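Data block below; observations after.
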Amino acid sequence: MEYNFSEIEQQWQQAWEKANAYAVSNESQKPHYYVLDMFPYPSGAGLHVGHPLGYIASDIYSRYKRQCGFNVLHPMGFDAYGLPAEQYAIQTGQHPEVTTNENIKRYISQLRKIGFCYDWSREVKTCDPKFYHWTQWAFIQMFNHYYDTVAQKAKPISELVARFEQEDPHWASLSEHDKQVRLMNYRIAYLADTKVNWCPELGTVLANDEVSEGLSVRGGFPVEQRVMRQWCLRVSAYAPRLLEGLDRIDWTESLKETQRNWIGRSEGAEMQFDIKGQNSPITIFTTRADTVFGVTFMVLAPESEYVERLTTDEQRAAVDEYLAWVKHRTERERIADRKVTGVFSGSYAINPLTNAEIPIYISDYVLAGYGTGAIMAVPAHDSRDYAFAKHFNLPVVPLIEGADVSEQSFDAKEGIMMNSGFLNGLEVKDAIAKMKEYITNTGIGRVTINYRLRDAIFSRQRYWGEPFPIYYKDGMPYTLPEDCLPLQLPEVKEYKPTVTGEPPLGHAQLWAWDEANRKIVDKKLIDNRSVFPLELCTMPGFAGSSAYYLRYMDPHNGEALVGRQANDYWQQVDLYLGGSEHATGHLIYSRFWNKFLFDLGIVCKDEPFRKLINQGMIQGRSNFVYRYIGEGATGNLYISYNLINNPEYKDKVQPIHVNVNIVHNDVLDIDAFRAWMPEYKNAQFVFADGSSSEVEDNPYMGAAMPKMYMCGWAVEKMSKSMFNVVNPDDVIAKYGADTLRLYEMFLGPLEMSKPWDTNGIDGVHRFLKKAWNMYEQISDAEPTPDELRSLHKLIKKVTWDIENFSFNTSIPAFMIAQNELYALKCNKRAILEPFAVLLAPYAPHIAEAMYHRCGCEGFVIDAAWPECNEAYLAEDTQKYPVQFNGKVRFTLECAKDTPKDEVEKLVLNHEDTARYLAGKTPKKVIVVPGRIVNIVM
RNA sequence: GCCGCGAUGGUGGAAUCGGUAGACACGAAGGACUUAAAAUCCUUUGGCCCGAAACGGCUGUGUGGGUUCAAGUCCCACUCGCGGUACCA
């Protein structure tokens with residue numbers, strides 16, 4: 001019977017659904033295992049073949065674990081808040097929720113067709129009030145906690161208040177407002193005036209990871225720096241734990257390294273420099289304490305609080321002008337144009353070691369947000385200081401013997417110190433240590449650790465996001481009572497900012513908090529005595545995605561984010577799969593969020609994702625036709641790719657993207673091409689054989705025989721404009737979901753980026769067809785040793801592959817086993833049944849049908865994973881004891897039909913090996929004709 | 001600049017602990033079946049050389065060195081490509 005994949009796939013998808021086969025219980029005696037995919041943002045374009053790559057891999061692993069007897073949690077949901085739906089709403093007035101729900105529906109239908117084993121009853125979407133209830137709840141907890149840097153743990157703000165009451169005599173006399181202002185400096189979720197990335201085009205601020213090279217990651221719009229009052233999360237407080245935790249999780253080294261760089265720990269020292277004519281010093285941060293003797297000037301960031309104090313009257317005008325210039329520069333200009341700029345403040349600092357007076361400058365190459373926003377400049381050993389010194393003609397004092405600083409600075413931390421008083425003659429490393437000791441002992445500074453990681457800006461001036469459960473009283477924020485959550489996103493007439501520049505929630509009528517009656521009321525009623533304004537910003541995209549993995553454990557819990565029991569059972573995500581582009585965003589925020597919940601005792605593990613694998617991106621593989629533009633061109637003639645370098649066409653053709661869906665194995669479907677777009681309706685071709693007539697006279701009957709037009713190709717990003725988007729639905733219609741699943745794995749290693757190239761898909765499909773044919777008639781006969789060896793080789797290989805996430809190498813193993821069994825004409829149940837069981841994680845539908853053709857009851861997806869019996873694997877070999885040099889004896893092992901003297905001769909004649917073996921006694925030497933394979937000592 | 005990853009036939013890639021490099025698949029060439037095509041099946045397929053033939057010889061994993069009885073794999077130096085990140089003191 002023919003392999004009718006669409007019938008098989010439909011039949012089994014319905015059977016699984018009917019039996020609720022993928023529902024997972026939180027109560028089980030089985031060991032637990034949690035496999036998670038990064039949930040997608042449901043974009044309007046639907047899934048393309050690149051999206052399911054990771055999902056297929058995690059699905060294989062989940063199914064394997066399930067067959068190994070684990071209770072496997074494998075859920076899916078949607079990161080439903082996002083800019084595209086909102087931009088669409090602004091343009092069309094359609095509520096983003098409508099768009100989002102439509103897109104989700106499409107995603108689900110596409111995902112279902114691929115046959116994933118998701119427990120859809122646990123689906124979450126971040127825009128669902130039942131879900132964002134807990135996003136808001138977590139925010140309230142962050143508002144009500146502070147970070148105790150001694151205990152390295154979040155603690156209730158009430159404990160801090162109690163401490164203030166006890167220890168600070170002024171506390172009691174402060175007004176309520178002033179108390180709140182003071183506490184704001186400690187809260188983990190806090191309001192602050194900070195320099196933010198403001199994107200005028202999007203009308204919102206963005207987090208650092210949402211900006212790349214001065215442009216917004218979504219949309220690519222320019223971003224400028226602005227000071228605004230924003231909600232922030234004190235992620236930086238967790239920097240040491242976020243760094244240290246990396247050592248305890250099983251992530252790829254490159255991803256951990258990316259996070260380490262992003263967190264950016266650097267050990268150094270804070271040092272105080274006295275100011276000439278003033279009595280309070282300034283504090284700088286340096287990692288090169290050894291170079292204090294070479295400090296010839298100081299530099300402040302333009303935004304540094306020291307600027308005001310250190311600007312002299314004579315320099316005031318120049319400094320103000322510079323500050324104004326810096327302020328108007330966008331981030332993008334700053335990056336593009338890196339010329340040296342700066343201005344003298346007029347003040348001098350005193351070098352604490354040389355007592356030299358050194359000028360203090362202001363320049364934007366020093367960043368306000370890092371260290372103390374002020375530096376000591378050592379032009380001889382820092383390239384940025386060097387450029388600045390050359391520009392302003394400041395002295396350069398070399399401190400390392402033999403370093404030539406006439407052309408450039410010597411930045412390396414190596415060499416012998418000179419010109420450095422008591423440090424002379426020391427290695428740089430020792431000099432740093434000695435200087436740290438010196439400044440600590442003399443009190444001019446202290447050893448500190450600095451982190452690059454900044455607090456996350458948590459406000460977005462947008463509509464489509466979680467509302468903050470916050471209202472304002474006397475200018476200070478207060479949280480809504482927890483039992484009033486969720487605070488639902490209100491309806492608005494427009495999704496744009498208001499005319500007064502308020503965020504879109506400013507349009508909402510029902511958007512005020514009646515404190516006494518604990519309810520939302522019309523904003524007309526705001527009197528700031530009992531009815532107060534609510535926060536108008538919404539939360540950023542990462543709010544909803546930071547703890548969603550916990551919600552899957554207990555998705556219908558109305559009392560808590562996740563129940564104690566559910567969390568104790570599942571513990572944490574055992575395997576997390578997703579793209580590495582989330583390394584410095586989602587994966588930092590999630591770890592932070594989880595550590596916070598851990599501090600509160602809500603979750604039992606302080607790291608959310610035990611093992612993490614990054615799947616590579618699938619790029620597009622574009623196809624081209626080549627329009628002839630040489631002499632006498634009509635614009636209608638297309639040259640086959642193999643001919644374009646011929647002299648008559650070279651440099652006379654123009655490549656044009658052609659829809660990859662009308663190209664198969666780089667051969668153009670010319671009828672489909674003519675029908676594709678009106679401009680190609682009358683296209684003429686020069687075919688691969690150089691002829692242009694479309695039919696060839698048939699030597700037999702004169703029937704039409706199509707000619708081949710070859711297309712060129714290139715690897716590009718998968719996108720509509722390149723006509724290289726391949727929809728999984730089309731692949732499934734043509735080949736079936738099982739072929740799609742197998743082929744996506746066959747394409748190459750999971751972690752690697754690779755182009756989607758359908759040129760090999762026929763081979764995989766052919767394998768399934770052939771395999772299916774073996775199940776035509778099943779016999780109960782005893783299997784032969786050859787058949788058993790094939791099977792057990794396969795069991796060993798596939799088991800190893802899945803456990804090591806090397807899914808691509810399993811497909812050839814299946815093909816080899818299938819070829820071997822095919823050659824043996826094997827149709828025995830004892831072999832074919834386990835074969836189907838092994839295939840089930842990769843190609844569940846056909847495996848299910850095969851399993852039932854073997855006469856089995858139940859689902860193959862529940863069948864126990866077969867065990868490999870090594871006894872069947874032993875090759876037929878012969879062992880010979882060998883005498884060597886008259887004394888050394890060892891065993892020589894070789895294939896059974898190899899003549900003994902041949903093999904012996906081989907070993908003994910191999911000069912280098914013979915020398916090596918002399919005087920040694922290897923256990924055995926494995927030999928095949930012509931070569932020594934292995935020497936076991 | 002810094003950090004990370006990679007480079008193997010015409011193509012995608014395999015070689016899992018240092019032990020027969022090129023598995024498997026695609027493509028290509030030839031053949032069988034067919035009026036013809038599709039489908040299916042069989043053979044060949046890294047390069048070079050010898051030969052009537054061989055389970056024949058040489059060469060071969062980006063480049064140049066090294067370690068080893070043995071290197072795609074380990075070490076050193078370099079070239080190119082990809083990804084991340086950047087006035088982070």
Side-chain angles (χ1 to χ4, degrees), chain A residues 212-213 252-258 260-262 264-266 268 284-288 291 299 301 334-335 338 340 363-367 369-378 381-385 387-388 411 450-454 580-581 583-584 614 616-617 665-666 698-706 713 743 746-749 751-755 757-764 766-767 769-770 797 800-801 803-804 806 808-816 819 897-898 902 907 910-918 920 922 925-936:
Chain A
S212 174
E213 306 199 345
T252 61
E253 211 35 58
S254 77
L255 190 68
K256 288 204 248 185
E257 205 49 39
T258 305
R260 284 190 193 109
N261 290 341
W262 189 258
R265 180 184 196 272
S266 58
I284 58 95
F285 174 76
T286 182
T287 54
R288 290 297 299 273
T291 59
V299 188
R334 238 170 64 84
I335 289 162
R338 219 167 253 178
V340 177
S363 172
D364 67 350
Y365 84 89
V366 173
L367 304 177
Y370 186 76
T372 62
I375 61 153
M376 60 178 212
V378 187
H381 303 290
D382 183 290
S383 54
R384 297 153 302 178
D385 297 345
F388 193 86
D411 290 18
N450 228 301
Y451 293 93
R452 203 186 76 113
L453 185 68
R454 321 270 180 88
S580 57
E581 68 272 19
T584 54
N614 294 123
M617 282 244 261
N665 287 350
D666 292 334
N698 188 286
Y700 300 92
M701 297 267 291
M705 188 171 127
W713 59 275
Y743 187 58
F746 182 68
L747 226 40
E751 299 90 337
M752 233 163 57
S753 282
K754 57 230 157 190
D757 175 358
T758 42
N759 286 353
I761 198 166
D762 290 316
V764 171
R766 220 168 279 154
F767 154 71
K769 265 202 241 177
K770 272 176 90 170
K797 172 79 177 135
W800 190 94
D801 282 343
E803 275 173 1
N804 292 280
S806 174
N808 57 319
T809 55
S810 276
I811 318 300
F814 277 115
M815 290 175 174
I816 292 166
N819 277 337
D897 45 2
T898 317
E902 277 286 311
V907 176
H910 200 290
E911 223 178 288
D912 294 330
T913 306
R915 216 179 303 127
Y916 173 68
L917 291 174
K920 298 183 177 164
V925 178
I926 300 174
V927 176
V928 298
R931 213 168 296 257
I932 295 160
V933 175
N934 202 354
I935 297 169
V936 182

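Order of the sequence lines sets the chain letters (A, B, ...), proteins ahead of strands, with each chain counted from 1. Side-chain atoms are counted along with the backbone in the values below, which use heavy atoms only and exclude waters and symmetry mates. Since the structure is predicted, the reported quantities are computational estimates derived from the model, not experimental observations.
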Validation row: [X], [Y] side chains within 4.5 angstrom (heavy atoms):
X	Y	answer
A:Y370	A:N450	yes
A:T258	A:T584	yes
A:F746	A:P812	yes

For atom [atom1] of [X] and atom [atom2] of [N], their distance in whole Å:
X	N	atom1	atom2	answer
A:N804	B:A14	CG	P	14 Å
A:D385	B:A89	CG	P	12 Å
A:D762	B:C41	CG	C1'	16 Å
A:L255	B:C3	CG	C1'	13 Å
A:Y370	B:U85	OH	C1'	14 Å
A:N819	B:U40	CG	C1'	14 Å
A:R766	B:A25	CZ	P	10 Å
A:K256	B:G4	NZ	C1'	14 Å

Which whole number of Å gives the distance between the [atom1] atom of [N] and that of [M]?
N	M	atom1	value
B:A28	B:U11	P	15 Å
B:C75	B:A7	P	14 Å
B:U44	B:C26	P	15 Å
B:A14	B:U61	C1'	12 Å
B:A21	B:C76	P	26 Å
B:G83	B:G60	C1'	31 Å
B:U59	B:C74	P	24 Å
B:G27	B:C82	P	29 Å

Which part of the nucleic acid, if any, lies within reach of [X] when heavy atoms closer than 4.0 Å are counted: base, sugar-phosphate only, or nothing?
X	value
A:R260	nothing
A:N261	sugar-phosphate
A:K770	sugar-phosphate
A:S363	nothing
A:R265	nothing

Options [options], nucleotide nearest the side-chain atoms of [X]:
X	options	value
A:I816	B:A23, B:U40, B:A89	B:A23
A:I375	B:A39, B:C24, B:A89	B:A89
A:N808	B:A89, B:G13, B:U85	B:G13
A:R452	B:C87, B:G84, B:U85	B:U85
A:E257	B:C3, B:A15, B:C41	B:C3
A:P749	B:C87, B:G13, B:A15	B:G13
A:T258	B:C24, B:G84, B:C87	B:G84
A:V366	B:A89, B:U85, B:C24	B:A89
A:L367	B:A14, B:A89, B:A25	B:A89
A:N759	B:A23, B:A89, B:C26	B:C26

For [N], give the paired nucleotide (Watson-Crick: N1-N3 plus N6-O4 or O6-N4; G-U: N1-O2 and O6-N3; both under 3.5 Å), or none.
N	answer
B:U67	none
B:U73	none
B:U85	B:G1
B:U45	B:G27
B:G62	B:C78

Earlier contact from the 5' end, RNA chain B, for A:A301 and A:M815: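 Its nucleotide being nearer the 5' end, the pick is A:M815.
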For nucleotides 5-12 of chain B, which of its nitrogen or oxygen atoms have a protein nitrogen or oxygen under 3.5 Å away, and what is each distance?
| residue | atom | partner | partner atom | Å |
| --- | --- | --- | --- | --- |
| B:G12 | O2' | A:L747 | O | 3.0 |

Parallel, tilted or perpendicular, as decided by the 30° and 60° cut-offs, for the rings of A:F767 and A:F814: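 Aromatic pair A:F814/A:F767 classed tilted.
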A:P749 backbone acceptor or donor facing A:K754 side chain under 3.5 Å: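 Side chain of A:K754 to backbone of A:P749: a pair is present.
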Non-neighbouring partners of A:K770 that pass side-chain hydrogen bond (donor to acceptor under 3.5 Å, both in side chains), sequence neighbours left out: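 A:K770 satisfies side-chain hydrogen bond (donor to acceptor under 3.5 Å, both in side chains) with A:N819 only.
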From A:S254 atom OG to A:E751 atom CD, the distance as rounded to the nearest 0.5 Å: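 Going from OG on A:S254 over to CD on A:E751, the span is 9.5 Å.
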Those residues that, when tested against A:R288, pass salt bridge (Lys or Arg N to Asp or Glu O under 4.0 Å) (two or more places apart):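 With sequence neighbours excluded, A:R288 shows a salt bridge (Lys or Arg N to Asp or Glu O under 4.0 Å) to A:D290, given in chain and number order.
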